[in-house]
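FYI, side chains are in, hydrogens and waters are out, and symmetry mates aren't considered; it's all heavy atoms of this structure. Numbers restart at 1 for each chain; the letters A, B, ... are given by sequence-line order, proteins then strands. Values in this document were obtained by computation on a predicted structure and should not be read as measured data.
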Amino acid sequence: NAGVTQTPKFRILKIGQSMTLQCAQDMNHNYMYWYRQDPGMGLKLIYYSVGAGITDKGEVPNGYNVSRSTTEDFPLRLELAAPSQTSVYFCASTGTGPGEQYFGPGTRLTVT
Amino acid sequence: DAKTTQPPSMDCAEGRAANLPCNHSTISGNEYVYWYRQIHSQGPQYIIHGLKNNETNEMASLIITEDRKSSTLILPHATLRDTAVYYCIVRGTYNAGNMLTFGGGTRLMVKP
């Protein structure tokens with residue numbers, strides 16, 4: 001199993017550009033998540049999904065969009081990038097019940 | 001989900017046990033205690049979780065007080081590779097999205 005994979009690892013965007021952060025998992029997990037982590041801070045939940053076709057907002061959803069057309073993939077879309085979106089983005093997944101969340105390696109995004 | 005309180009930083013000598021405390025005084029009966037760690041800028045890594053009883057796995061032990069208002073994560077023989085930020089998280093079974101809420105964590109520095 002590859003677990004949770006994220007692409008790209010690094011990206012620099014200009015203000016106003018758009019991009020999609022890719023996330024995929026091969027564990028057949030229903031639940032998937034996007035977090036962002038600013039320097040020296042804990043992770044904050046952006047969006048999550050409890051299954052294909054179902055998504056919901058987390059704590060900091062403004063400026064982002066998600067979709068979940070398959071169980072495996074959960075892309076995060078940034079429209080009109082702003083410097084405040086400079087952060088490290090982590091994708092995670094988990095199955096049902098009280099088990100662990102599995103995290104991807106992260107995407108480091110800089111908006112200048 | 002109940003909030004947690006952790007010391008911002010701790011030091012530990014290599015080879016000694018590292019005892020990381022966590023206060024969760026408002027925890028309710030169906031809420032689990034989870035521990036994750038984040039080494040440098042990698043994705044968080046699951047360590048252990050428990051409900052009422054003490055738990056042990058190959059990485060660590062989790063001691064939960066009888067009233068469940070606090071817990072301690074024990075790394076029995078800390079190594080330099082255990083230097084990381086450790087997050088204590090409380091999550092309830094009624095949490096429909098199986099979401100985790102990260103606080104600031106404890107930055108553990110293992111010293112030679």
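- Within 6.0 Å of CZ on B/R16 lie no more than 12 heavy atoms contributed by other residues, nucleotides or ligands.
- Note on A/Q101, A/Q6, A/M41, A/R108: by heavy-atom pairs under 4.5 Å with chain B, the leading option is A/Q101.
- If you measure heavy-atom distances from B/Q38 to chain A, the contacts under 4.5 Å come from the side chain alone.
- Note: the hydrophobic cluster containing B/I47 also contains B/I64 (ILVMFWY, side chain heavy atoms under 4.5 Å, direct or indirect links).
- One hydrophobic cluster, built from ILVMFWY side chains closer than 4.5 Å, holds both B/L80 and B/M10.
- Expressed to the nearest 0.5 Å, how far CD of B/Q42 lies from CZ of A/F90 amounts to 8.5 Å.
- The cluster map of Ile, Leu, Val, Met, Phe, Trp and Tyr, joined by side-chain heavy atoms under 4.5 Å apart, puts A/L21 and A/Y31 in different clusters.
- By the rule that hydrophobic residues join a cluster once side-chain heavy atoms approach within less than 4.5 Å of another member, B/V33 and B/I74 end up as members of separate clusters.
- Both A/L13 and A/Y89 belong to a common hydrophobic cluster when Ile, Leu, Val, Met, Phe, Trp and Tyr are linked at side-chain heavy-atom distances under 4.5 angstrom.
- Heavy-atom pairs under 4.5 Å with chain A peak, among B/Y87, B/Y34, B/F102, B/Y32, at B/F102.
- Atom CD1 of B/I39 has more than 12 heavy atoms from other residues, nucleotides or ligands within 6.0 Å.
- Distance check, rounded to the nearest 0.5 Å: CG of A/D56 to CE of B/M99 gives 7.5 Å.
- Using a 4.5 Å cut-off on side-chain heavy atoms (C-beta onward), A/F103 and B/Y36 make contact.
- Interface summary for chain B: among A/C91, A/G99, A/G95, the most heavy-atom pairs under 4.5 angstrom belong to A/G99.
- Only the side chain of A/L45 comes within contact range of chain B, with heavy atoms under 4.5 Å apart.
- Residue A/Y35 touches chain B through its side chain alone, counting heavy-atom pairs closer than 4.5 Å.
- By number of non-hydrogen pairs under 4.5 angstrom with chain A, the leading residue of B/S41, B/G103, B/G104 is B/S41.
- Between the CG atom in A/L43 and the CG atom in B/L100 there is a gap of 9.5 Å [rounded to 0.5 Å].
- Neither the backbone nor the side chain of A/E59 comes within less than 4.5 Å of any heavy atom in chain B.
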